[in-house]
Amino acid sequence: MRFDSIKTATNRKNKFSAKHKVSFTELYKSNVFDDSAMRDFLSKEAYESVSAAISNGKTINRKMAEHVAAGMKRWALSKGASHYTHWFQPLTGATAEKHDSFYEPDNGKAVEKFSANALVQQEPDASSLPNGGLRNTFEARGYTAWDPSSPAFIHENTTGKTLCIPTVFVSYNGEALDYKAPLLKSVNLVDKAATDICKYFLKKVTSCTASLGIEQEYFLVDEAMFNARPDLVMCGRTLVGHAPAKGQQMDDHYFGSIPDRVFNYMYEVEIEAAKLGIPLKTRHNEVAPGQYECAPMFEDVNLAVDHNQLLMDLMDQIAHKHHFRVLFHEKPFAQINGSGKHNNWSLITNTGVNLLSPGTDPNSNMLFLTIFINTIKALQDNADIIRASIASASNDHRLGANEAPPAIISAFIGSKLTEVLEAFMNDGTADNTGDKKSINIDKIPEILRDNTDRNRTSPFAFTGNKFELRAVGSSTNSAQPMTALNAAVANQLIAFKKNVDAAIASGIDQKSAIIAELKSALKSSQNILFEGNNYSDEWAAEAEKRGLSNIKNTPEALKAYISKQAEETFVNNGIFTNEELHARYEVMLEDYAKKIQIEGRVLGELVYSHILPPAIDYLTSLANNVKSLKDAGLKAGAAQSELIEAVSKHIDAAKQKTDQMIEARKKANAMDSTEEMAVSYHYDIKESFEDIRYHTDKLEQLVDDKNWQLPKYRELLFIR
Ligand code: ADP
Ligand code: MG
């Protein structure tokens, strides 16, 4: 299998010809029921009703929904769609769809139908999707409901087209069973909270949106070699494999020229993404061999998340066409960089002001500082919640290990802004000394312009006009961390406003009240600010002194979802109920345990049926060699004996440790609560994987190459 796969991968022809002329401006949004399609296919009334729903959340009445459904159907049929589906994001991490055909038999003929009912609400038979106990069997129904703020689109497969309607997914009692429903609530919350703050400074602002640009990292592996690795097929990552002699130490892959076959793949992804209105903007090689990145222009957070989920689907689908497999796992290869999703986040007003971008006058800089400092304070108070929102079995390989960024949540703001904040703090106080005072806040834009220091090691970095949450996993649905961030910032802005208003009511002028409150927020946020190297041991020690959490595993991290802070940030603001939080906690623990369980099973199988057999064969051939030398009256060399000893030793150890791991799994499976099970899967099982791997990787080095079954790292990473 291994040599066949190498041969197949080596002889690939570039199927896709990117030579033909493509007009991206013509393709852009051609498969989206966007504003211009709505104008063409909806009556004026129906169009206005959808527009009002999009811009200020107005509900669409039944009659209008009927009109919208009719227009959407005409549009979809004109595009060649045969089926429609509600498209949603259950807690599995993947997207879900259940297709219905437009046509129905009617009096012996087929008639195309699509009613308001079909548009607005569906009841997918979803009892097998994770719900964390929210759906008792007698209320097993789950409903999907139309989200007009994310436009419907057409998904093309090789042979057919489907109209997809973005929806939320809720239980019979209205509890969220997906990622989108809480995200939309957090979007409204932060909109209102930020708009209220803007009122102090800019009277014309009537709404604010959270904006998000997601950089997506991924690996590409040839399909033939992927298929020859059961661990990649089943777990999305390699569980064994010796590091290649050359990895990423030469730094020759980052921003290097893109291999032709990969370029063709990227180009087709870009074409299909353009049709769906996903505004892909950048593409490049990443640090590790076989690793790449793409990023779209930022959009409203809800749309950006939908687009990222859709993009991952597209990338996977198109990879198959090019005989690649795309790996979104956070750590597909040991000792080589993993993949993340950088979530660039900001708040933008309906008047077009980026609230995290310093303005041109003192008033707008005060507004900037208000949002900036409150965001930092929100992180200070909600660091554990942010950590929990990105926790998963696969992201633990980055956050818990020696990988960027660490599990310690902190914020980087750059040396210039640090000075600005210091000056701001000292202004008018007793220790207002030196020239720091001269940094006036209306100078912030000029100061920032040449502020080039960028800290790539920080989990939450300010990059000039946005914060970049870099700790999100490459496979994570960004809705979850963005829900947490929106809610945390909104919660802080609400508290801030309450205090400012109270001060104003007591007779203090608005400006002084805001400054006093900002100083107090900043003072209590000092611990979360860190400008140094986040990978260093010194930082881990320093963070501990500061009392910052350093939570290295998922079961531990997830506890933040059922903490007192979660109640304040989520429950009190109507983002989640306590029941929903507990359900989510349960679902995520279970997901964790299951993922490790699958990895444990696959590792057991690899050791027993892929690694020990060639190792034992090799051992036999060594022993036979010694015997024949002796039989021929020759002296058996010391080399053979040493090899026999080394190979036997690792065979024994690999088998023994695998057996122990299998026993530990049986114990974990018998545990009563999901919590105990997840904890045991972490400490008793997952932690033993490295031990097993040490011996199998030694065997890979020792055993005759021609007998080794599994494609090696150098082949997986360098052949394309
Ligand atoms: P880098 O690799 O230097 O971080 P990229 O250009 O790869 O930068 O990605 C930056 C991302 O940040 C893009 O998706 C971009 O659209 C997004 N972005 C820029 N400004 C904002 C903003 N105000 N709000 C949210 N995202 C933003
Ligand atoms: Mg970035």
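Position 1 is the first residue of the sequence, and the numbers go up from there. Whatever order the structure lists them in is the order used to number ligands and atoms, beginning at 1.
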S.K.: Considering both backbone and side-chain atoms of E215, is one of its nitrogen or oxygen atoms within less than 3.5 Å of a nitrogen or oxygen in ligand 1?
M.R.: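 Yes, at least one N or O pair falls under 3.5 Å.
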S.K.: Is there a polar contact between ligand 1 and F298, counting only N or O atoms under 3.5 Å apart?
M.R.: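 Yes; the residue has a nitrogen or oxygen that sits under 3.5 Å from a nitrogen or oxygen of the ligand.
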S.K.: My understanding is that only one of N465, T349, I371 makes a side chain to side chain contact (heavy atoms under 4.5 Å, CB included) with N354; could you say which?
M.R.: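 The side chain to side chain contact (heavy atoms under 4.5 Å, CB included) with N354 is passed solely by N465 among N465, T349, I371.
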S.K.: Which ligand 1 atoms are under 4.0 Å away from a heavy-atom of S346?
M.R.: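 In order of numbering, the contacting atoms are 22 (C), 23 (N), 24 (N).
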S.K.: Provide the number and element of each atom of ligand 1 under 4.0 Å from a heavy atom of M297.
M.R.: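 So the answer, numbered in order with elements, is 16 (O).
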S.K.: Does the ring center of Y179 lie less than 6.0 Å from the ring center of F169?
M.R.: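 Distance test on ring centres: not under 6.0 Å, no.
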S.K.: Using a strict cut-off of 4.0 Å, indicate which atoms of ligand 1 neighbour a heavy atom of P296.
M.R.: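 So the answer, numbered in order with elements, is 13 (C), 14 (O), 16 (O).
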S.K.: Are any of the side-chain nitrogens in R283 or E293 under 4.0 Å away from the carboxylate oxygens of its partner?
M.R.: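 So R283 does not pair with E293 through a salt bridge.
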S.K.: Please work out whether any backbone atom (N, CA, C, O) or any side-chain heavy atom from C-beta onward of E468 is under 4.0 Å from ligand 1, and answer side chain, backbone, both or neither.
M.R.: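 For E468, the contact with ligand 1 is made by the side chain alone.
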S.K.: Which bit of E293 gets closer than 4.0 Å to ligand 1, counting heavy atoms only: side chain, backbone, both or neither?
M.R.: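 The side chain, only.
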S.K.: List the steps and the verdict of side-chain hydrogen bond (donor to acceptor under 3.5 Å, both in side chains) for S339 and Q291.
M.R.: CA-CA 8 Å; S339 304; Q291 193 188 28; 3.1 Å; yes
S.K.: Which of these, N344, T282, I214, L212, has its nearest heavy atom closest to atom 12 (O) of ligand 1?
M.R.: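 Selected option, by shortest heavy-atom distance: N344.
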S.K.: Using a 4.0 Å cutoff against the non-hydrogen atoms of N354, which atoms of ligand 1 qualify?
M.R.: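 Reading through ligand 1 atom by atom, the close ones are 23 (N).
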S.K.: Below 4.0 angstrom, N of the basic side chain to O of the carboxylate: do K341 and E217 qualify?
M.R.: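 Answer for the salt bridge query: no.
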S.K.: Between D396 and K331 (salt bridge meaning N to carboxylate O under 4.0 Å), is one present in this structure?
M.R.: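 Result for this pair is no, no salt bridge flagged.
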S.K.: Determine whether more than 12 heavy atoms belonging to other residues, nucleotides or ligands lie under 6.0 Å from atom NZ of K204.
M.R.: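 No, the 6.0 Å shell around NZ holds no more than 12 heavy atoms from other groups.
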